[in-house]
Number of protein chains: 2
Amino acid sequence: MKSYGQFCSLARSLDVVGDRWTLLIVRELLIGPSRYSDLLRSLPGIASNLLADRLRMLAESGVVNSEDAPPPTSAKVYSLTERGRSLQPVLVALAHWGVPYMAAGKGGDNSRGRWLGFAILSLYPNEMNFGDTVVPLRLRIDSEGDHILVEAGPEGLTAVPCSRDVAADVTISGESDDVFGFLAGQAMDYSQIVVVGGDDARRKLREFTKYAHTYGAELGQLRP
Amino acid sequence: MKSYGQFCSLARSLDVVGDRWTLLIVRELLIGPSRYSDLLRSLPGIASNLLADRLRMLAESGVVNSEDAPPPTSAKVYSLTERGRSLQPVLVALAHWGVPYMAAGKGGDNSRGRWLGFAILSLYPNEMNFGDTVVPLRLRIDSEGDHILVEAGPEGLTAVPCSRDVAADVTISGESDDVFGFLAGQAMDYSQIVVVGGDDARRKLREFTKYAHTYGAELGQLRP
DNA sequence: CTGCATCCGCTTCGATACTG
DNA sequence: CAGTATCGAAGCGGATGCAG
């Protein structure tokens with residue numbers, strides 16, 4: 001991208017991460033380190049050469065690392081540097097701003113279970129004080145073949161990919177839009193999702209989502 | 001911009017504000033309402049038709065308002081809607097991430113005094129508890145013909161354009177890069193800026209900038 | 001004057017094909 | 001698997017034109 005040529009920290013940030021696809025690549029790497037082909041699959045629609053270009057530029061800017069995986073395989077693994085990880089608050093703020101656009105539903109868009117973890121972080125953008133009645137809470141989300149472990153603790157919220165048989169207090173499974181709608185208080189029909197867990201954990205979950213409902217339903221449906 | 005086609009709040013945000021120039025237009029309107037020609041001047045390098053396009057799309061998305069100015073003139077005034085103003089945390093987060101890129105100095109980039117107010121907000125991205133020894137502080141910045149009033153109060157920080165003769169506890173004048181460097185603790189040579197104010201106010205200012213120095217100098221100089 | 005629209009050369013993007 | 005190469009389509013940047 002051509003530089004904006006402005007002595008302004010916003011403009012200079014955009015010089016680095018303002019290109020099309022760039023922040024979505026960072027999102028993927030924030031969810032977890034990935035290989036080239038993983039990124040291609042997680043970013044439907046991106047052109048192969050474009051992904052290569054972006055990764056090269058992000059590496060030059062010190063935002064991503066590319067390391068060769070252990071010798072037997074010839075794979076490369078891309079991950080974020082510390083500088084790249086420090087983009088998380090930016091992505092979370094932007095995603096939080098976009099929550100109302102989710103109320104329109106999935107439509108014809110692609111969806112991935114792995115994006116739900118990130119979406120949950122964006123529902124609680126501030127370091128939130130979850131009450132004692134809520135935390136600790138281990139929540140597993142199973143959607144579109146992905147599995148995400150959300151942990152709400154006294155010091156905050158984390159969401160990482162996990163395997164299908166990780167233990168949790170509650171599990172939620174269903175299509176991405178139904179699960180997101182349930183968590184954000186936007187869905188009309190909760191019959192499409194399955195919530196499994198003990199009474200106590202389910203009560204915690206209800207408390208947990210109360211925060212999100214406040215914001216998620218507040219603005220109603222905006223034009224996508 | 002073509003939609004990313006992803007059921008993800010980050011992607012949907014980028015569908016709305018991810019285009020080139022869009023966030024810089026929002027920055028300008030966050031500083032204050034502007035007319036079309038003001039925006040053209042504040043965004044050097046933007047093509048005229050592009051600005052018109054972006055404003056139209058932002059209006060359709062409910063991010064900006066365009067109102068006809070009082071009848072004698074035929075001017076239009078663009079401003080942010082509530083939804084647009086709610087982008088401020090996003091811009092501040094992104095600008096905060098870009099602070100280290102400012103250490104390289106102005107170089108051949110354009111600079112505007114009006115951008116400094118926004119830059120200061122980005123130096124203090126969190127709702128910060130300024131001690132009693134610091135606030136209230138009224139700080140006027142005179143740079144490149146613009147005048148900005150920064151007010152640090154118990155509840156936070158504001159920065160708005162003002163006229164040249166607004167009263168303040170301290171005034172700082174100088175070139176944008178020197179002023180920014182002084183505030184962020186990045187400049188080497190403070191002889192290029194002029195600070196006017198009583199001893200007490202200057203002491204408050206030193207306390208005030210101490211916070212910024214911590215972050216501004218921490219990462220040193222990054223590739224721009 | 002202000003607020004755009006039109007035109008044009010150039011860059012970037014998107015889709016697919018190809019290679020080590 | 002991890003990228004390059006290629007090429008038409010779309011978007012950008014700069015200049016200019018024009019109506020209210």
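Naming convention: chains lettered A, B, ... in sequence-line order (proteins, then strands); numbering from 1 in each chain. Predicted model, so just to flag it, every value in this text is computed and none were measured.
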### Query
What residues, two or more places apart in sequence or in another chain, satisfy side chain to side chain contact (heavy atoms under 4.5 Å, CB included) together with Thr81(A)?
Asn65(A), Arg83(A)
### Task
May I ask you to test the Tyr78(A)-Ser34(A) pair for a side-chain heavy-atom distance under 4.5 Å?
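No; the side chains remain at least 4.5 Å from each other.
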### Heavy-atom check, side chain of Met57(A) versus side chain of Thr22(A), under 4.5 Å
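Result no, sub-4.5 Å side-chain heavy-atom pair not found.
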Hey, does the side chain of [X] come within less than 4.0 Å of [N]'s phosphate (OP1/OP2), counting only N and O?
X: Tyr4(B); N: dC13(C); result: no
X: Lys2(A); N: dG14(D); result: yes
X: Arg20(A); N: dG11(D); result: no
X: Lys76(A); N: dG3(D); result: yes

### Message
Within residues 35-54 of chain B, which residues have any heavy atom lying less than 4.0 Å from an atom of DNA chain D?
### Response
Gly45(B), Ala47(B), Asn49(B), Leu50(B), Arg54(B)
Quickly work out the [X] [atom1] to [N] [atom2] distance and round it to whole Å.
X: Ile25(B); N: dC4(C); atom1: CD1; atom2: P; result: 12 Å
X: Asp19(A); N: dG14(C); atom1: CG; atom2: C1'; result: 15 Å
X: Met57(B); N: dC12(D); atom1: CE; atom2: P; result: 9 Å

### Query
At what distance, to the nearest 0.5 angstrom, does CD1 of Ile193(B) lie from OG1 of Thr171(B)?
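Interatomic distance, Ile193(B) CD1 to Thr171(B) OG1, rounded to 0.5 Å: 10.5 Å.
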### Task
Kindly write out the residues that satisfy salt bridge (Lys or Arg N to Asp or Glu O under 4.0 Å) with Glu67(B), not counting sequence neighbours, or none if the list is empty.
none
